[in-house]
Amino acid sequence: MTENYRPTKAVIDLGAIEKNLASFKKGLGNTEIMAVVKADAYGHGVLEVAKRAVDMGIKLLAVATPDEALFLRSNGFQEKLLVMGASPASFVPVAQQEEIALAAISLDWLATASAAQNPEFFH
């Protein structure tokens with residue numbers, strides 16, 4: 001017999017997530033809402049939560065890392081994406097190609113990112 005020393009479990013209720021989003025939308029009116037789905041949607045399942053959010057009209061998804069953003073893109077999400085965490089400047093051309101917004105983390109980062117960008121993107 002195996003003893004369970006951590007009897008906790010997470011129950012993911014997409015209906016509750018949908019209810020919360022509906023409440024936010026009602027309370028905020030025409031304000032655009034960003035669904036933060038970093039860290040596998042806080043362990044709730046990024047693909048399921050992001051899909052439910054998009055189905056409810058959310059047009060902006062935020063993640064923590066470039067890898068998370070690329071994962072969403074590779075799974076068909078075309079909505080606006082924001083990487084909130086630090087991204088290496090070498091990711092800038094990929095972000096441009098994939099239309100992923102990046103957080104600027106410092107003035108030095110901006111200078112390095114500017115040098116790394118794909119100049120053809122702006123022509």
Side-chain angles (χ1 to χ4, degrees):
M1 177 175 176
T2 303
E3 195 69 33
N4 185 356
Y5 295 104
R6 186 173 177 165
T8 58
K9 65 179 180 177
V11 176
I12 309 309
D13 184 344
L14 291 174
I17 291 171
E18 186 174 317
K19 183 178 175 184
N20 288 343
L21 279 172
S23 179
F24 292 146
K25 289 178 76 170
K26 181 179 178 184
L28 296 172
N30 284 338
T31 302
E32 189 170 353
I33 298 171
M34 177 189 320
V36 180
V37 295
K38 70 185 192 91
D40 192 34
Y42 296 92
H44 291 83
V46 67
L47 296 178
E48 297 85 354
V49 172
K51 182 178 182 334
R52 187 62 59 101
V54 168
D55 288 348
M56 293 196 60
I58 302 300
K59 296 176 177 61
L60 178 58
L61 302 172
V63 296
T65 67
D67 292 330
E68 290 176 338
L70 292 174
F71 180 76
L72 287 174
R73 281 287 186 258
S74 72
N75 279 278
F77 287 88
Q78 295 303 311
E79 289 69 30
K80 295 176 189 174
L81 293 178
L82 168 65
V83 175
M84 298 184 302
S87 299
S90 61
F91 183 68
V92 169
V94 176
Q96 289 174 311
Q97 180 68 34
E98 296 294 329
E99 297 184 17
I100 298 169
L102 304 176
I105 58 172
S106 71
L107 291 176
D108 289 337
W109 182 89
L110 279 173
T112 305
S114 179
Q117 72 184 352
N118 181 353
E120 294 178 17
F121 182 78
F122 295 102
H123 294 128

Looking at every non-hydrogen atom in both residues, tell me the closest pair between Met84 and Val36 and how far apart they are. CE-CG1, 3.6 Å

Is there a side-chain contact between Ile100 and Val94 (heavy atoms, below 4.5 Å)? no

Would you say the side chain of His44 lies within less than 4.5 Å of the side chain of Val37, judging by non-hydrogen atoms? no

Considering residues at least two apart in sequence or located in another chain, which fulfil the side-chain contact (heavy atoms from CB on, under 4.5 Å) criterion with Glu18? Arg52, Met56

Are any non-hydrogen side-chain atoms of Asp55 and Lys51 less than 4.5 angstrom apart? yes

When you group the ILVMFWY residues by side-chain heavy-atom contacts below 4.5 Å and let the links chain together, are Leu21 and Tyr42 in the same group? no

For Ser106, enumerate each residue passing the side-chain contact (heavy atoms from CB on, under 4.5 Å) test, keeping only those at least two apart in sequence or located in another chain. Asp108, Trp109

Distance-minimising heavy-atom pair for Ala50 and Leu72: CB-CD2, 4.3 Å

Using 0.5 Å steps for rounding, measure from the CZ atom of Phe91 to the CD atom of Gln96. 10.5 Å

Phe77 reachable from Leu14 in the ILVMFWY side-chain graph, under 4.5 Å edges: yes

What is the minimum heavy-atom distance between Ala69 and Val83, and which atoms define it? CB-CG2, 3.8 Å

Could you check whether atom CG of Leu28 has more than 12 heavy atoms from other residues, nucleotides or ligands sitting under 6.0 Å from it? yes

In Å, rounded to the nearest 0.5 Å, how long is the span from OG1 of Thr65 to CG of Leu70? 8.5 Å

Can you tell if the side chain of Val49 reaches within under 4.5 Å of the side chain of Ile17, non-hydrogen atoms only? yes

Answer yes or no: is there a side-chain heavy-atom contact under 4.5 Å between Glu99 and Arg73? yes

Joint hydrophobic cluster, Met34 plus Val63, side-chain heavy atoms closer than 4.5 Å: no

Starting from Val54, can I reach Val46 by hopping between I/L/V/M/F/W/Y residues whose side chains sit under 4.5 Å apart? yes

Of the non-hydrogen atoms in Ala116 and Pro93, which two are nearest, and what is the gap between them? O-CG, 3.1 Å

After noting the C-alpha distance and the side-chain angles of Glu32 and Leu60, does the key distance pass the side-chain contact (heavy atoms from CB on, under 4.5 Å) rule? CA-CA 8 Å; Glu32 189 170 353; Leu60 178 58; 3.9 Å; yes

Is the shortest side-chain heavy-atom distance between Lys80 and Leu61 below 4.5 Å? no

Same cluster (ILVMFWY, side-chain, under 4.5 Å), Leu81 and Phe71: yes

To the nearest 0.5 angstrom, please state how far the CG atom of Asn20 sits from the NZ atom of Lys25. 13.5 Å

Do Glu48 and Ile12 make a side-chain contact, defined as non-hydrogen atoms from C-beta onward lying under 4.5 Å apart? no

